[in-house]
Amino acid sequence: MKYKAIKGTRDILPGETQRWQRLERLFREAFARYGYSEIRLPIFEETALFARGLGDTTDIVEKEMYTFPDKGGNSLTLRPEGTAGVVRAYLEENLGGEGGAVKLWYTGPMFRYERPQKGRFRQFHQIGAELFGVGGPEADAELLQMVHATISALGVPGLSLQINSLGDGACRPDFRQALIEYFRPLAPQLCENCRRRLETNPLRILDCKAEGCRLLRAGAPDGREFLCAPCREHFAAVCGLLDAAAVPYIVNPAMVRGLDYYTRTTFELTSSGLGAQDTVAAGGRYDRLVEEFGGAATPGLGFALGVERLLLLLPPDAVDEAPRPVFLAALGAAARRAVWPWLAELRGRGVAAEWDYEGRSLKSQLRRADRLRARQVVIVGENELAAGVVQLRDMSEKTQREVATADLIETLAPTAYAEGG
RNA sequence: GUGGGUGUAGCUCAAUGGUGGAGCACCUGACUGUGGCUCAGGGGGUUGAGGGUUCAAAUCCCUUCACUCACCCCA
């Protein structure tokens, strides 16, 4: 076999696409209920958009992006996540021009150069949403409630919603400084990564999984105590709203996201049904990102979920079924000629119809009809042609009757297919 | 980038140094034109690739590739 799919990419085959379609439909319907409109964006952007948006020192920007020069010499990057592009479009298209809340959702492939493992691919798919223009805690709570309710409605096992507040421009620097002062004397005992993080992004030390680092942070400053009054109130209000809506959650002060743009509320939705990559959905508030990209100060927040990971948690039969076809079994060349226009007529009326292309034995054709999950089979041979009838067989009820050829189409497609002529 | 595991028929897997098999799937027939059950037969393989040891390698050794899980990181 000469050509193979690139490492970390997969073919999503016909059986699997029905599961994808169901999931996409359920989220499309949920987003409509919550007032989100779909937005479709390019899968590549200027490299600088991501570097600026996600943060220069994040792992994604430092070593995971698919970056390449185009023929004009511009540096482009396949999107590693969705938020940066949505913010770019929000500003470029002036989507906030009318004021008030702007709610957008998207889905599509994302690209990160990582070693593949369970629930992690180089091309993977996200469904996400962004809400611009609302700074109050109601927006945070509503987004969290939407994500939690929609995913738990799918029947996902072992769901856990963890939330935290990272503070804002006013208070996060104090917390950061306190962490540096606490960990600096302990630097020799930190892992290699964390020694580097001490200067670049000390918050990340809090969720390092190395044994040594985990023990050291037992006495580390608690982020909650460093929140300024407005951040503290905001977080308390979010928690109160979640309580009022009966959304279960756990406050996890050690949870730090890997993207620099988050402020205040962050969250992760994990499932015990996955492997090591157990985050199904995650997101948070990013009140400075729009400004960072040159827009007017605009609060924002959003989330994204991993489609492959969520599908890993759903039963194999959670699918949107294709309509079951009518199968036209023709015996002999004359019958095949007779059947051909009926196929077009049925399909034109909105009925799924199939046949056997090779004129094989009736047994073979019935077997194929069965494999295609045909609900009815029309059998036509020389005898039927001569008599002007066909045999109409119901595959599940095992009944068979004769139908006059002239009545066949009306029998199989009784109501004229109104849509689209 | 680092480590572990696995590569044998379309799929799931046997065969631990001595003639590469089974189940499922597929095709044909029993049934000249009626599917799912049964029976019989059939098609299919450079045992991932390359090298080495041996009278003899799917099996042991080396290299390489792929897949996979984990670290890391994240959705």
Side-chain angles (χ1 to χ4, degrees), chain A residues 1 4-10 54 57-65 79-83 107-129 147 151 191-194 196-197 201 204 207-211 213 255-259 266-271 274-284 302-313 327 329-332 335 356 358-374 376-385 390-396 398-400:
Chain A
M1 218 166 310
K4 303 195 323 197
I6 300 299
K7 184 199 286 284
T9 70
R10 314 184 338 172
L54 312 195
T57 63
T58 56
D59 280 4
I60 291 177
V61 171
E62 278 187 337
K63 49 192 192 196
E64 294 176 4
M65 295 204 303
R79 62 183 185 192
E81 58 96 58
T83 301
T107 183
M110 306 293 164
F111 305 85
R112 293 182 199 174
Y113 189 86
E114 300 181 276
R115 280 289 277 273
Q117 68 183 72
K118 185 171 183 168
R120 191 171 78 182
F121 306 95
R122 289 184 173 180
Q123 172 172 336
F124 62 103
H125 297 75
Q126 291 188 334
I127 295 175
V147 173
I151 292 178
C191 72
E192 194 183 331
N193 274 332
C194 286
R196 199 170 48 91
R197 286 169 178 151
N201 196 348
R204 301 303 306 283
D207 68 354
C208 178
K209 286 163 189 98
E211 188 64 29
C213 304
M255 190 186 65
V256 181
R257 313 287 6 279
L259 281 57
T266 59
F267 73 94
E268 258 179 51
L269 194 64
T270 59
S271 167
L274 293 168
Q277 310 298 317
D278 64 354
T279 304
V280 181
F303 88 98
L305 67 86
V307 176
E308 285 87 349
R309 287 185 188 177
L310 191 46
L311 286 171
L312 234 33
L313 295 166
F327 190 93
L331 298 162
D356 185 88
E358 298 165 82
R360 294 181 300 171
S361 71
L362 180 58
K363 181 171 177 173
S364 297
Q365 296 197 45
L366 285 171
R367 218 176 276 179
R368 178 167 144 78
D370 208 37
R371 224 174 303 128
L372 294 169
R373 307 192 64 245
Q376 290 161 313
V377 173
V378 173
I379 301 167
V380 198
E382 286 176 23
N383 300 340
E384 285 80 6
L385 284 180
V390 299
Q391 307 290 337
L392 180 57
R393 187 174 171 82
D394 186 295
M395 292 297 268
S396 45
K398 301 183 186 180
T399 56
Q400 187 166 315

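Keep in mind that this is a model prediction, so the values were computed, not measured.
Using a 4.0 Å heavy-atom distance criterion, A:Glu62 is classed as making no nucleic acid contact. A:Gly119 comes within 4.0 angstrom of a nucleotide base, judged by non-hydrogen atoms across all strands. Counting non-hydrogen atoms under 4.0 angstrom, A:Ser361 reaches nothing in the nucleic acid. Counting any heavy atom pair closer than 4.0 Å across all strands shown, A:Lys363 reaches a base atom. Within the 4.0 angstrom heavy-atom criterion, no nucleotide atom of any strand lies near A:Ala369. Residue-level contact check: A:Phe121 touches the bases, meaning some heavy atom is under 4.0 Å from a base atom. Counting any heavy atom pair closer than 4.0 Å across all strands shown, A:Lys63 reaches no nucleic acid atom. A:Arg10 comes within 4.0 angstrom of nothing in the nucleic acid, heavy atoms only. Across all strands shown, A:Arg367 has heavy atoms under 4.0 Å from sugar-phosphate atoms exclusively, and none from any base. The residue A:Met395 sits close to a base: some heavy atom pair falls under 4.0 Å. Using a 4.0 Å heavy-atom distance criterion, A:Arg368 is classed as making no nucleic acid contact. As judged by a 4.0 angstrom heavy-atom cut-off over every strand, A:Ile127 is placed among residues making no nucleic acid contact.
Going from atom CG of A:Leu392 over to atom C1' of B:U34 covers 14 Å, rounded to whole Å. Distance CG (A:Leu305) to P (B:C74): 18 Å, rounded to an integer number of Å. Spacing between atom CD of A:Glu64 and atom P of B:C71 amounts to 15 Å, rounded to whole angstrom units. Summarising the geometry, the separation between CG on A:Asp278 and C1' on B:A70 is reported as 13 Å, rounded to the nearest angstrom. Atom CD1 in A:Ile60 sits roughly 13 Å away from atom C1' in B:C72 (whole-Å rounding). Per the geometry, CD belonging to A:Glu268 stands 9 Å off C1' belonging to B:A75, to the nearest Å. Rounded to an integer number of Å, the gap from A:Glu114 CD to B:A75 P is 9 Å. As a whole-Å value, the separation of A:Asp394 CG from B:G36 P is 17 Å.
Comparing A:Val380 and A:Asp59 by the nucleotide of RNA chain B that holds the closest heavy atom to each, the one mapping nearer the 5' end is A:Val380. Take the nearest nucleotide of RNA chain B for A:Arg115 and for A:Arg393: the residue whose nucleotide is more 5' is A:Arg115.
Nearest heavy atoms, A:Phe303 versus A:Ala281: CD1-CB, 4.4 Å. Of all heavy-atom pairs between A:Pro80 and A:Leu54, the closest is CG-CD1, 4.0 Å. The shortest heavy-atom contact between A:Lys7 and A:Pro116 is CG-CG, 3.9 Å.
Between B:U53 and B:C62, the distance separating the two C1' atoms is 11 Å to the nearest Å. As rounded to the nearest Å, B:A58 and B:G36 have C1' atoms that lie 38 Å from one another. B:G43 and B:C26 have their C1' atoms separated by 9 Å, with the value rounded to a whole Å. Look at the P atom in both B:A22 and B:G42: the space between them is 11 Å, to the nearest Å. B:C71 sits 31 Å from B:A15 when the P atoms are compared, rounded to a whole Å. The same atom, C1', is picked in B:C60 and in B:C39; the two are 44 Å apart, to the nearest Å. Rounded to whole Å, the P atom of B:A25 lies 15 Å from the corresponding atom of B:A40. Nucleotides B:A9 and B:U47, compared at atom P, are 10 Å apart to the nearest Å.
With hydrogens and angles ignored, no donor-acceptor pair closer than 3.5 Å exists between the side chain of A:Gln365 and the base of B:U34. Side-chain to base pairing of A:Gln117 with B:C72: one donor and one acceptor N or O lie within less than 3.5 Å of each other. A donor N or O paired with an acceptor N or O is found under 3.5 Å between the base of B:C72 and the side-chain atoms of A:Arg120.
No side-chain heavy atom of A:Met395 sits less than 4.5 Å from a side-chain heavy atom of A:Arg373. Using a 4.5 Å heavy-atom threshold, the side chains of A:Phe327 and A:Asp356 count as touching. In this structure the side chain of A:Leu274 reaches within 4.5 angstrom of the side chain of A:Val280, judged on heavy atoms.
Distance from the side chain of A:Ala282 is smallest for B:A75 among the nucleotides B:A75, B:C71, B:A66. Checking B:U34, B:U2, B:G33 against every side-chain atom of A:Glu384, the shortest atom distance belongs to B:G33. Here the side chain of A:Arg371 is nearest to one of B:C26, B:U2, B:U34, namely B:C26. Closest to the A:Asn383 side chain, of the nucleotides B:G33, B:G3, B:A75, is B:G33. The side chain of A:Thr279 sits closest to B:A75 out of B:U34, B:U2, B:A75.
Annotation: the span from A:Leu331 atom CG to A:Glu382 atom CD amounts to 9.0 Å, rounded to 0.5 Å.
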Under the side chain to side chain contact (heavy atoms under 4.5 Å, CB included) criterion, do A:Arg122 and A:Tyr113 qualify, and how do the steps go? CA-CA 5 Å; A:Arg122 289 184 173 180; A:Tyr113 189 86; 3.2 Å; yes
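The side chain to side chain contact (heavy atoms under 4.5 Å, CB included) test with A:Gln126 is passed by exactly one of A:Glu308, A:Met110, A:Arg309: A:Met110.
Distances shorter than 4.0 Å separate some side-chain N or O of A:Ser364 from OP1 or OP2 on B:U28.
B:A22 is paired with B:U12 under the criterion used here, namely a Watson-Crick or G-U wobble arrangement in which both key atom distances are under 3.5 Å. Judged by Watson-Crick or G-U wobble contacts below 3.5 Å, the nucleotide B:A70 has B:U2 as its partner.
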